Each structure stands twice: as C-alpha cells, then as structure tokens.
Amino acid sequence: MPRIDEKLLPIFDDVLRRNAGETEFHQAVEEVLESLGAVIAKHPEYVDNALIERICEPERQIIFRIPWVDDKGQIQINRGFRVQFNSALGPYKGGLRFHPSVNIGIIKFLGFEQTFKNALTGLPIGGGKGGSDFNPRGRSDGEIMRFCQSLMIELHRHLGEYTDVPAGDIGVGAREIGFLFGQYKRLTNRFEAGILTGKGLIYGGSRARTEATGYGLVYFVDQMLKRKGIDLADKRVVVSGSGNVAIYTIEKITEFGGKVIACSDSSGYIVDEAGIDLDLLKEIKLVRRERIAEYVQLKGTGAYYTEQGSIWDVPCDVALPSATQNELNGNDATSLIRNGVMAVSEGANMPCASEAVRLFQEAGILFGPAKAANAGGVATSALEMQQNASRDSWTFEETEARLAAIMRRIHDDCADTAETYGAPGNYVLGANITGFVRVAEAMQAMGVI
Ligand code: GLU
C-alpha cells in the first residue's frame with residue numbers, strides 16, 4: 001500500500017491542522033495524496049505552484065441557519081451547508097444530503113471526492129456538496145416542504161446555472177428537489193431549469209437520471225470483470241443499502257443476468273436466495289417509505305431478516321456497498337475475501353474504510369473506487385444540464401446509451417492511467433491520478449486561482 005510521498009507530507013499536515021477533527025475529510029485527502037507520488041515526480045511544478053494545497057482547500061464554505069415550523073407549531077432549527085470546492089472545470093456541481101450525521105467535515109469530504117469524480121466524467125462540471133443535519137425520517141410532506149423552502153431562502157443567492165448546481169444525495173430525492181426548485185422560482189421570478197438537477201420529468205428533468213448512479217455502477221463493474229474475461233451473468237451479488245443507488249443497481253444487475261441475494265438499511269439486512277423481488281422492494285422503499293424488515297413479512301417465505309449484524313458476512317462473488325461512508329470495515333473485507341469475493345465496487349461515497357481498501361488490493365481483488373464507479377449519477381446530471389441549456393429532452397434510450405459510453409470511458413481512462421503509472425489493475429490510483437491531473441491542468445492554465 002502506498003504511503004504519502006514525503007514532499008506531500010507537509011501539505012497533509014496542514015490539512016489536518018486546518019480541518020481539525022474532520023476525520024472523513026482527512027481520510028479522503030490521504031487516499032488521494034497517497035496516489036500522487038509518481039505524478040509529482042513527473043510534474044514537480046504541481047508542488048512548486050502549490051496546486052495540491054490549493055486543491056485541498058475549498059474555494060468557499062457557506063454555513064447557515066435553517067429555521068422552520070413543524071406540524072405541532074414548534075420552531076425547529078437546523079444547520080445548512082454548501083461547500084463550493086472547485087470550479088476549475090465548470091460550475092460547482094454536487095448533491096445535497098439531509099441526514100443527522102451531516103457536519104462540515106462530511107460535506108467537505110464529499111465535495112473533495114466530487115471534484116475528482118466530476119473531472120472523471122469528462123464533462124464541464126466543478127465540484128461541490130451541501131446539505132443539512134435535518135433528519136427527514138418520520139417527517140410529513142408538509143414539514144419536508146417547509147424545511148426545503150427555508151433552506152432555499154438562504155441557498156438561492158449562491159446558485160446559478162454558471163455558478164453552482166445542486167442535486168440530490170442521501171435523504172434528497174425527486175420530492176425534495178421539487179420543493180427546492182419551486183421555492184427558487186418564487187424567490188427569483190425566473191424559471192431557470194439549469195440551477196438544479198434530478199428534477200421531475202414534467203418540469204425539466206432528464207430521463208434515466210433516477211436510475212443513473214445504480215446503472216452506471218453496474219456498467220463499471222461489468223467492464224472491470226470483462227477485462228479479466230469474467231461475465232456478470234449468474235454471479236451472486238450483495239448490494240448494501242436500499243435507497244436510490246441500491247434499487248437501480250439491483251435492477252441493472254438482474255438485467256445483466258446476475259442475482260442480487262441481499263440488501264439492507266441502517267437497522268439490518270435481508271437475504272433472499274431466490275433473488276431480491278425488486279417490485280416488492282420498490283413498493284416498500286419508494287412508495288411506503290418503510291423499513292427493509294417489512295420485506296420478509298410481505299414476501300411470506302424464503303427470505304430472512306437479520307437485525308444489526310454485517311451484510312458482508314453473506315457469501316457472494318460481487319459486493320457493491322451502496323449505503324454510506326465507512327460502512328464496510330477491515331473485518332468485513334476479511335470476511336468477504338474468505339468467502340471468495342472476486343470484485344468490490346463502491347456505489348456509495350467512500351463506503352469502504354481505508355483498511356478494507358488495503359485488504360482488497362493486497363488480496364488482488366478487483367476494486368472500483370466510488371469516484372469512478374458511482375460517477376454515473378452526476379454524469380447524467382451534466383446531461384440534464386445539457387438538455388436544459390438547449391431546451392431539449394432526450395429519450396430514455398439515448399440518455400442511457402450516453403451514460404453507458406461515459407462509464408466505459410471512465411473505466412478505460414482509469415485502467416490506462418494505472419497501467420501508465422506501473423500499477424495495472426489499480427483503479428484507485430488510476431481514478432485519483434486521472435481526476436487530479438485534469439483539475440490541476442485547468443487550474444494551472446488559469447494562473448493563481
Ligand atoms: N449525489 C450524487 C453524487 O454523489 C450526485 C450529484 C449530482 O448529480 O450533482 O455524485
């Protein structure tokens with residue numbers, strides 16, 4: 001496992017000092033810096049011109065109060081964030097996350113990752129992320145709407161088609177984007193479709209955007225396996241989570257002839273050896289907004305539910321962590337390796353702890369890092385921006401074909417870069433270097449920015 005090059009250690013120390021206590025941000029920066037040793041040997045000007053320091057420091061960080069009134073008439077206060085990380089390649093682009101765990105460190109790690117992910121798509125989008133510590137669980141539609149409206153009262157002044165374009169992430173889907181867009185439109189008296197992505201189809205959304213992250217993940221895994229001469233068909237697959245990413249990952253794996261036998265939520269996991277019944281899963285999660293445990297009740301026979309425990313103890317050929325950061329630790333990795341896993345690819349952002357990534361790489365297991373493997377969502381957001389800018393609307397087939405081509409290109413770029421840098425098959429290195437060099441070259445061209 002590479003260590004941080006000693007020329008970069010002072011930069012990392014500065015990041016630790018300046019962002020004290022923000023462990024997820026430290027983890028994301030460390031992983032990228034570990035990949036850059038060979039890059040700075042080839043491009044010493046990146047160090048001389050302080051490009052790496054600049055890339056590790058967000059361009060702008062906004063923290064604000066979100067007051068709103070709940071259904072009982074009680075005033076509630078949440079904290080809102082938008083970290084505009086890097087705009088060298090295009091307007092800041094990245095989702096909003098509503099979850100009680102959200103704090104500035106989480107948003108910073110997500111914005112940092114997003115910058116390289118967006119660069120990997122090859123489309124003109126910079127990196128940003130935002131959200132709130134608001135917990136949507138158990139809240140009525142009215143409460144969600146009032147919260148979104150209050151958030152937008154502050155956020156709207158920071159957005160713009162050429163400035164910053166948010167979308168969804170954990171806790172933010174079509175319903176929330178609708179409330180946010182409606183409030184932006186009232187506040188500005190302008191129908192600017194390109195200020196948010198993940199919009200409903202009826203008012204400027206893109207076909208295939210909902211499915212894009214999950215579908216893209218499967219295209220990426222398929223490419224990794226194909227390169228080794230392995231077919232996805234008939235593989236046993238475990239997908240953690242049961243949100244937007246997990247659901248459409250399961251859909252596409254099934255289309256490719258694979259069988260997803262387990263998925264989860266934050267309370268526990270279900271196993272169904274017959275293959276997860278996707279219609280039932282969608283009904284529970286998307287329509288009823290209930291817990292995954294319901295699946296076993298409604299399915300009747302053949303499925304079981306385990307509260308707590310680790311989904312990674314379920315033997316599988318392919319593991320796709322698609323729930324949240326650091327959900328798969330060193331012990332989980334050991335268990336997957338012992339049970340013969342052949343490929344692991346990240347649907348969520350940074351779901352594998354550093355120790356787990358190290359163990360997979362040492363064991364020679366194919367490993368697809370999030371910034372490459374889950375880039376299909378934001379790539380399709382960029383396609384939504386293209387359609388909005390040209391006041392056009394493409395068919396599902398056309399949009400999905402573009403998504404598939406983008407994922408293939410991301411895969412090939414990462415694989416080629418890894419090979420060029422003497423580490424064939426190391427997609428972590430390939431993704432970090434490819435994304436970093438694109439951002440660094442753009443910044444270099446623009447002088448001291
Ligand atoms: N939240 C998604 C991500 O992590 C999508 C962001 C977007 O579409 O802007 O990439």
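One-based numbering, in listed order, for ligands and for the atoms of each. Values in this document were obtained by computation on a predicted structure and should not be read as measured data.
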(request) Classify the contact between Asn349 and ligand 1 as side chain, backbone, both or neither, using a heavy-atom distance cut-off of under 4.0 Å. (result) side chain
(request) Using a strict cut-off of less than 4.0 Å between a Lys/Arg side-chain nitrogen and an Asp/Glu carboxylate oxygen, indicate whether Glu57 and Arg18 qualify as a salt bridge. (result) yes
(request) Taking only Lys NZ, Arg NE, NH1 and NH2, and the carboxylate oxygens of Asp or Glu, determine whether Glu355 and Arg358 approach each other closer than 4.0 Å. (result) yes
(message) Once ring pair (Phe, Tyr, Trp, His ring centres under 6.0 Å) is applied, what residue pairs with a partner in residues 189-208 remain, sequence neighbours excluded?
(response) Phe181-Phe191, Phe181-Tyr203
(request) List the closest protein heavy-atom neighbour of atom 8 (O) of ligand 1: residue, atom name, distance to the nearest 0.1 Å. (result) Ser381 OG, 2.6 Å
(request) Compare Arg209, Lys117, Glu113, Lys93 and give the one whose heavy atom is closest to atom 5 (C) of ligand 1. (result) Arg209
(request) Run the contact test for Gly168 against ligand 1 with a 4.0 Å cut-off on heavy atoms, strictly below, and give the result. (result) yes
(request) Identify whether the distance between the nearest side-chain nitrogen and carboxylate oxygen of Asp133 and Arg97 falls below 4.0 Å. (result) no
(request) Under 4.0 Å from a heavy atom of Gln114: give me the atoms of ligand 1 that qualify, with their elements. (result) 3 (C), 4 (O), 6 (C), 10 (O)
(message) Is it the case that ligand 1 has an N or O less than 3.5 angstrom from some N or O of Ala167?
(response) no
(request) Under the side-chain hydrogen bond (donor to acceptor under 3.5 Å, both in side chains) rule, collect the residues that match up with Asn326, sequence neighbours excluded. (result) Gln27
(message) Within the 4.0 Å heavy-atom shell around Lys129, which atoms of ligand 1 are there?
(response) 1 (N), 3 (C), 4 (O)
(message) So that I can tick it off, tell me whether Lys252 and Glu400 are bridged by a salt bridge, with the cut-off set at under 4.0 angstrom between side-chain N and carboxylate O.
(response) yes
(message) Quick check on contacts: which atoms of ligand 1 are under 4.0 angstrom from a heavy atom of Gly95?
(response) 6 (C), 9 (O)
